[in-house]
Amino acid sequence: MPGDKSISHRALMLGALAIGRTEITGLLEGEDVLATAAALNSLGAQVARVGDGRWTVDGIGVGALAEPEDLLDLGNSGTAARLLLGMLATHPITAFVTGDSSLRRRPMGRVVEPLSRFGARFATREGSRLPLAVSGAADPIPISYRLPVPSAQVKSAVLLAGLNTPGATTVIEPQPTRDHTERMLRHFGATVSTEPDESGGLRVSVEGFPELTAAPIIVPGDPSSAAFALVAALIVPGSDVIVEGVGINPLRAGLLECLGEMGGDIALLNRREEGGEPVADIRARAGALAGAEIPAERAPRMIDEYPILAVAAAYARGRTVMRGLAELRVKESDRLTAIAVGLEQCGVGVAVDGDDLIVEGVGNSPPGGAMIETRLDHRMAMAFLVLGLAANEPVRIDDAAPIATSFPGFVELMTGLGADISPLRSSPPHAGEG
Ligand code: S3P
């Protein structure tokens, strides 16, 4: 599996804020992470590729980011944009940030609002969209911020801003979200506390002005990428696949819970810890699946896995109800709509009821036979290719280019497992990018 995207971004960013040389192995070399690497080079760190997945970062220390000479273009990556804005918000420099047409549609108000409280100033397009200009605070004020939406990106942006701020910066999260930033901050020597909040959530605090020290990082395989191979194995008859070295951080593992409840034959083998994150080899074998009720409280632990869960649900016997999916509307595409439209085109019964998605599973191979619009969304592209593997008629996607943002070797890996995925003779120009 390619390296975890969330952890790869954070390894580069914290490496840039540490003193000394951070050596990273297993870095995801997808477009999103490469955008972060380029932005950090523009901010004065030295990020270099030294081998396959092996990178070094010569950090400059908290407080030492240099003003970039040109626009920071973060491509398709919401994580890169929001976490970097957190870092920039408490450095007294001005930066101009943009991204592709998908990222330019996504809401940045969710970070602009808390980061303004540190004293940073922003000029954004209508609706707090990119491109935007940020002028970081010269004398930042620490904040205590309750997340209005469960978002690890917003939590991380605030914690990163807190690094170059005196005193303690606190985020209160009503529902726990992925904690890679907290784990890695501790790994680099910062003081981070996580304790239960009286409201039932979590209170995460970071002490300002830490001396971050370079530390080696081993990036585990990405569970969000592994999800495609695992679901493919469950729904293609006769399959038996082991995906090695996958991160199983409990705050990312919601999909495995769902697939288990649906009767999927999934086993975690060789559990271990690598670089401060729990890791396992995961075995998946094909078999019958049954529909399930997926509670809203599980959404933050599997937020990127709904497209592929919906594919498993299409194959399962009976109804699957996935509740509380409002956040899916503001991902790389409006995934709630995109999943529903795609499944319907593939002959699967589907409905959106408020923020819930209801899939009427076929109990066997779904019809397929559709052309799916991928909308600059890598996970939509991969999920519907996986549906095609188990469908009666081939599924086509209009644009495979977005897959490279998170999983550059996806087609080769799936082909190696026996999938028949091939380019269409004439593909349309890259959607939206001209
Ligand atoms: C991520 C957090 C999630 C997730 C994204 C990666 C991160 O976004 O969807 O792919 O690395 O922190 P939100 O924080 O917006 O939920």
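Reckoned from all heavy atoms, side chains included, excluding hydrogens, waters and symmetry mates. When a ligand or atom number is given, it counts from 1 through the structure's own listing order. The first residue in the sequence is number 1, and the count goes up from there.
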Going by salt bridge (charged side-chain N to carboxylate O under 4.0 Å, His left out), name the residues that satisfy it together with Glu373, two or more places apart in sequence or in a different chain. none
Are Asp334 and Arg375 within salt-bridge range, i.e. N to O under 4.0 Å? no
Give the protein residues with at least one non-hydrogen atom closer than 4.0 Å to an atom of ligand 1, ordered by chain and number. Ser6, Arg10, Thr79, Pro150, Ser151, Ala152, Gln153, Arg178, Ile303, Asp304, Lys331
Tell me which one of Arg178, Arg252, His180, Arg10 satisfies side-chain hydrogen bond (donor to acceptor under 3.5 Å, both in side chains) with Asp4. Arg252
Quick one: side chain to side chain donor-acceptor pair (under 3.5 Å) partners of Arg129, sequence neighbours excluded? none
Looking at Ser205, Ser144, Ser193, which one forms a side-chain hydrogen bond (donor to acceptor under 3.5 Å, both in side chains) with Thr170? Ser205
Can you list every pair that meets side-chain hydrogen bond (donor to acceptor under 3.5 Å, both in side chains) and has a residue in residues 15-24, with sequence neighbours left out? Arg21-Asp58
